[in-house]
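These notes are about the structure you will find just below.
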Number of protein chains: 2
Amino acid sequence: MDTDDEFRISPPHRELLDQILDKWSLSVLNELCERPCRFNELRRAIPQVTQKSLTSTLRRLERNGVVEREVVSTRPVAVRYRITPLGKTLRPPIDVLLAWASQNMPAITRAREEFDTREEETGF
Amino acid sequence: MDTDDEFRISPPHRELLDQILDKWSLSVLNELCERPCRFNELRRAIPQVTQKSLTSTLRRLERNGVVEREVVSTRPVAVRYRITPLGKTLRPPIDVLLAWASQNMPAITRAREEFDTREEETGF
DNA sequence: CAGGATCCAACGGGATACTG
DNA sequence: CAGTATCCCGTTGGATCCTG
């Protein structure tokens, strides 16, 4: 009876999604899907991200095995980030999600406007 | 040439995903996909959520048009939350995502362990 | 029952300065 | 170049008390 009552989304799943779908991860993955990038290339590609956030995002993605970090020992050092095979498998789910977002953005915008005007009338 | 260089994920998409894939939204949507629920039913169904977080989550989902709020004027009042047609269209994308998570959880767990032990060796 | 209001601690994220 | 280290602040989230 309690078979799936405790089931839900499960904290591990939740945590995983948090780590991979967070603010900058999608942009980074998007970028790395097209080509390997160096640190500052990524910064330029995603202008709004700060160095700190980019660093922690990359670390997180690396830890979860979807991004790979390769240090080229030149002078000065170069670091090359690339997507892993595991990381590539993320494309389809993400694309499905983004497709959903694109398709339903108009409906959602309308819903928001309705909601907001309803709030104004009621709230005041 | 700069055709899709500025493209990326677009803030609206990003914001949308933030509002719908956040910590509690998935659990709530999951619950409401099965049946309409009252406020305290949801609290019981998702024990870890606080009243405050549940309230704001429901408001957000309502504003985005994926959840509907119906007030039944009894004594005391009852409030019934249900998923909207738009909300139902979220199922497939979410399921794809969760399927990915389930399938790759082992690989990810391994990646994390490897990363963490590598860190220990290097860090210290 | 279904929240609103408030207080507070923790965390993420930005800005800045510095390093191998 | 690719970060690390610090400071700082705004937002998030929990806990608690209160209400129509």
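Chain letters run A, B, ... following the sequence lines, proteins first, then strands; residues in each count from 1. Keep in mind it's a predicted model, so treat the numbers as computed, not measured.
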Pick the closest DNA chain C nucleotide for A:Gln51 and for A:Asp22 by heavy atoms, then say which residue is nearer the 5' end.
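Nearest nucleotide further toward 5': that of A:Asp22.
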Quick one: on DNA chain C, does B:Lys52 or B:Glu41 contact a more 5' nucleotide (nearest heavy atom)?
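Closest to the 5' end, via its nearest nucleotide, is B:Glu41.
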4.5 Å side-chain heavy-atom contact, A:Gln19 and A:Ser25
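When only atoms from C-beta onward are counted, A:Ser25 and A:Gln19 do not touch, as no gap falls below 4.5 Å.
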With a 4.5 Å limit on heavy-atom distance, are the side chains of B:Ile20 and A:Trp100 in contact?
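Yes, at least one pair of side-chain atoms sits under 4.5 Å.
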Looking at [X], does any N or O in its side chain come under 4.0 Å of the phosphate oxygens OP1/OP2 on [N]?
X: B:Arg80; N: C:dA2; answer: no
X: A:Ser56; N: C:dG13; answer: no
X: B:Tyr81; N: C:dG3; answer: yes
X: B:Arg38; N: C:dA2; answer: yes
X: B:Arg59; N: C:dG4; answer: yes

Side chains of A:Arg91 and A:Asn30: any donor to acceptor distance under 3.5 Å?
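A donor-acceptor contact under 3.5 Å links the two side chains.
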Heavy-atom pair with the smallest gap, counting every atom of B:Leu16 and A:Arg112:
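So the minimum-distance heavy-atom pair works out to CD1-NH2, 3.8 Å.
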Quick check on salt bridge (charged side-chain N to carboxylate O under 4.0 Å, His left out): which of B:Glu41, B:Glu62, B:Glu70 does B:Arg82 satisfy it with?
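Considering B:Glu41, B:Glu62, B:Glu70, a salt bridge (charged side-chain N to carboxylate O under 4.0 Å, His left out) with B:Arg82 is found only for B:Glu70.
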Outermost DNA chain D nucleotides near chain B [under 4.0 Å, heavy atoms]
D:dG13 to D:dT16
To the nearest Å, how far apart are [X] [atom1] and [N] [atom2]?
X: B:Ile46; N: C:dA2; atom1: CD1; atom2: P; value: 14 Å
X: B:Leu58; N: C:dC1; atom1: CG; atom2: P; value: 16 Å
X: A:Leu54; N: C:dG12; atom1: CG; atom2: P; value: 16 Å

Take A:Lys23 and B:Asp18, measure what salt bridge (charged side-chain N to carboxylate O under 4.0 Å, His left out) needs, and give me the verdict at the end.
CA-CA 8 Å; A:Lys23 191 171 185 189; B:Asp18 283 342; over 6 Å; no
Between B:Thr50 and A:Val77, name the one whose nearest nucleotide on DNA chain D is closer to the 5' end.
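The answer here is A:Val77.
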With B:Thr55, which of B:Lys52, B:Gln51, B:Arg59 fulfils side-chain hydrogen bond (donor to acceptor under 3.5 Å, both in side chains)?
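With B:Thr55 as partner, side-chain hydrogen bond (donor to acceptor under 3.5 Å, both in side chains) holds for just one option, B:Gln51.
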Which part of the nucleic acid does B:Arg43 contact within heavy-atom distance under 4.0 Å: base, sugar-phosphate only, or nothing?
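Nothing, no nucleic acid heavy atom in range.
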